[in-house]
Amino acid sequence: MANIRLYNSKTRAEEDFVPLDPANVRMYVCGPTVYDRAHIGNARPVVVFDTLFRLLRHVYGERHVTYVRNFTDVDDKINAKASETGRPIRDITDETIRWYHEDMDALGALRPSQEPRATEFIGAMIGMIQGLIDGGHAYAAEGHVLFDVRSYADYGKLSGRSIDDMIAGARVEVAPYKRDPMDFVLWKPSTDDLPGWDSPWGRGRPGWHIECSAMSHELLGESFDIHGGGIDLQFPHHENEIAQSCCAHPQGGFAKVWMHNEMLQVEGKKMSKSLGNFFTVRDLLDQGYPGEVIRFVYLGTHYTKPMDWTHDKAMQAEATLRKWRGLTAGAGAGVAAPEVVAALSDDLNTAGAIAELHGLASRGDAAGLLASAQMLGLLLPEMGAWAELSFDLAPWVNHLTCLRAEAMESKSFALVDAMKAALTAAGVEVRMSKAGVELLPGPGFDADKLPVL
RNA sequence: GGCGGGUUGGCGGAGAGGUUACGCAGCGGAUUGCAAAUCCGUGAAGACCGGUUCGAUUCCGGUACCCGCCUCCA
């Protein structure tokens, strides 16, 4: 069995991955707040942890891995959108979830084993909050329930900060009902126009962090193997999750390994609406970047490093995938190459794994390449439509073949060269050899620009 | 102010204390009517200053610069 090593943010060290139960490896990843299309930064953890999911399934067996990723469908951004548009909240969240599935499917991400919605676990959250109050870790005040950070000695351990340092940074909301400025909301009151649920503290709604603690507990238990998400969630979200879960279930270990992916940039700059470089996954798909190409670009950078999305990378990725698809066409998937599994097992070294794929390709091992690439979620049959020969170029092949035969006789190649130039201008790759003429639609293929015969 | 990350050849991007990363681009050759594709070959690196070591791009310390988080955020 491959020895998987993972960098654990909690211990700040790379560790051998030893599952609590090899028959049921459990992973929880923080999912999206469903109020709008996922942007390309949102997609990075999806691809990263999908790749880990695939590796775990490969190593422990498909039926022995449970992957939970939540939908946050109660949130003030959703409420804001509902009041702006006048649409019911459930319409907005259902539609956004549908979009999310479409977009992430396009990136070749497997659906997690379970995708709980926060609103389906309100009861579990209320129970957990009550338990925290009973245990002396939380208190009710003015319709709110707050977590008492001073009651948890290890608060700040994950993100490497002390409560006092954070207060010195002083950008926390100082509310009169808080015992400590760092105390965070577990439950907050709802006015009549906002979604709310009855609770011991009145009608209200949960704070942001409690849902992940409650849902991971319900679905994975009080101890599980891996918890993932973006590095920006490390504080405060994950810190707060740990505090809640460990105080509510002190006998459990909560998540053993914490994994955080770094952020994404666009053409060297932080993605932001004001810079005009803000893209949703749907934007890129609509611009013609195939999902498989996007995925390949993502996998080219190790997940712990900032990743830069550039058009140039996408072009290279497309060329490579086109080449590999050609190489593996008609081949049956063999066995995933051990070097590829080893690279992935080394803290998910996807860039190293891709280098190994290049090696398999250059050795002409189509079966190994196909199986190995598929372990990375690449070269899957359902993702290959973009690379299919979607247009029948046979008439142009015949025409060019004839022109060429005549030119060989007359030694005058002007017509052949003109035809070739016209085809190239339409994005067709022209290959002529002794064996004959071959025409392949290239990256910029445009059937409308084909020369008229 | 606090915490964390980064700096590798023209570009992207990995591993390893000493031996070729890899891809793209470049260059030379084979091939081609010319090209393309393909194949063969090839040059090119480790921000800066110290330290440890027989030997460091790889370990340690410092400097500079860049970035992220500390507020909703993947």
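In the text below, chain A, chain B and the rest are named by the order of the sequence lines, each starting its count at 1.
Annotation: cation-pi pair A:K77/A:Y35 present, NZ/CZ under 6.0 Å from the ring centroid and within 45° of its normal. Geometric assessment of A:R57 against the ring of A:F53 yields a positive cation-pi assignment under the 6.0 Å and 45° thresholds.
Side-chain rings of A:W386 and A:Y289 stay apart, their centers remaining 6.0 Å or farther from each other. Between A:H39 and A:F279, the ring center distance fails the sub-6.0 Å criterion.
Look at A:T301 and you'll find a side-chain N or O under 4.0 angstrom from OP1 or OP2 of B:G13. Under 4.0 angstrom from either OP1 or OP2 of B:U32 there lies at least one side-chain N or O belonging to A:K434. Under 4.0 angstrom from either OP1 or OP2 of B:A37 there lies no side-chain N or O belonging to A:K420.
Listed nucleotides: B:A36, B:C69, B:G33. Nearest to the side chain of A:M408: B:G33. Ranking B:G12, B:A21, B:A14 by closeness to the A:K313 side chain, first place goes to B:G12. Nearest to the side-chain atoms of A:V416 among the listed nucleotides B:G33, B:A21, B:G5 stands B:G33. In the set B:G23, B:A74, B:A14, the nucleotide with an atom closest to the side chain of A:T320 is B:G23. Of the candidate nucleotides B:G33, B:C22, B:C67, B:G33 has the atom nearest to the side chain of A:D417. Candidate nucleotides B:C24, B:A74, B:A35 were compared by shortest atom distance to the side chain of A:M432, and B:A35 ranks first. For A:K323, the listed nucleotide lying nearest its side chain is B:U38; candidates were B:G33, B:A37, B:U38. Closest to the A:Q316 side chain, of the nucleotides B:C24, B:A74, B:C70, is B:C24. The side chain of A:Q265 lies closest to B:C67, out of B:A14, B:C22, B:C67.
Note on A:G41: a base of the nucleic acid sits closer than 4.0 angstrom, heavy atoms only. At the heavy-atom level, A:H39 lies under 4.0 Å from base atoms of the strands shown. Within the 4.0 angstrom heavy-atom criterion, base atoms lie near A:L264. Using a 4.0 Å heavy-atom distance criterion, A:R44 is classed as making no nucleic acid contact. Contact annotation for A:N349: backbone-only contact, meaning every heavy-atom pair under 4.0 Å involves sugar-phosphate atoms and none involves a base. Heavy atoms of A:F235 sit under 4.0 angstrom from primed sugar atoms or phosphate atoms, though from no base atom.
Rounded to whole Å, the P atom of B:G12 lies 22 Å from the corresponding atom of B:A16. B:G61 and B:G5 are spaced 12 Å apart, taking the P atom of each and rounding to whole Å. Spacing between B:G4 and B:C11 at atom C1', rounded to whole Å, works out to 28 Å. Comparing the P positions of B:A74 and B:A14 gives an interatomic distance of 24 Å, to the nearest angstrom.
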Discussion item. Could you walk me through whether A:S345 and A:F17 satisfy the side-chain contact (heavy atoms from CB on, under 4.5 Å) test, starting with their C-alpha distance in whole Å, then the side-chain angles of each, then the deciding distance to 0.1 Å, before giving a yes or no?
Written reply: CA-CA 9 Å; A:S345 300; A:F17 176 68; over 6 Å; no

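In this structure, the CZ atom of A:F278 is 10 Å from the P atom of B:A74, given to the nearest Å. Computed from coordinates, the A:R404 CZ to B:U32 C1' distance equals 8 Å when rounded to whole Å. Between the CE atom of A:M263 and the P atom of B:C66 there is a distance of 21 Å, given to the nearest Å. Atom P of nucleotide B:C72 and atom CG of A:N79 are separated by 15 Å, given to the nearest angstrom.
By the ring-ring contact (aromatic ring centres under 6.0 Å, His included) test, A:Y100 pairs with A:F71, sequence neighbours left out.
For RNA chain B, runs of at least 3 consecutive pairs of the Watson-Crick or G-U wobble type, with both hydrogen-bonding distances under 3.5 angstrom, map to B:1-7 with B:64-70, B:10-12 with B:22-24, B:26-30 with B:38-42, B:47-51 with B:59-63.
Using a 30° and 60° split on the angle between ring planes, A:H227 and A:H238 fall in the perpendicular class, above 60°. Ring geometry, A:Y28 versus A:F224: the interplanar angle falls from 30° to 60°, so the pair is classed tilted.
Each of A:D312 and A:D346 was assigned the nucleotide of RNA chain B with the nearest heavy atom; the assignment lying further toward the 5' end belongs to A:D312. Mapping A:Y303 and A:I354 onto RNA chain B by nearest heavy atom places A:Y303 at the nucleotide closer to the 5' end.
For CD of A:E409, the number of neighbouring non-hydrogen atoms (other residues, nucleotides, ligands) closer than 6.0 Å is 12 at most.
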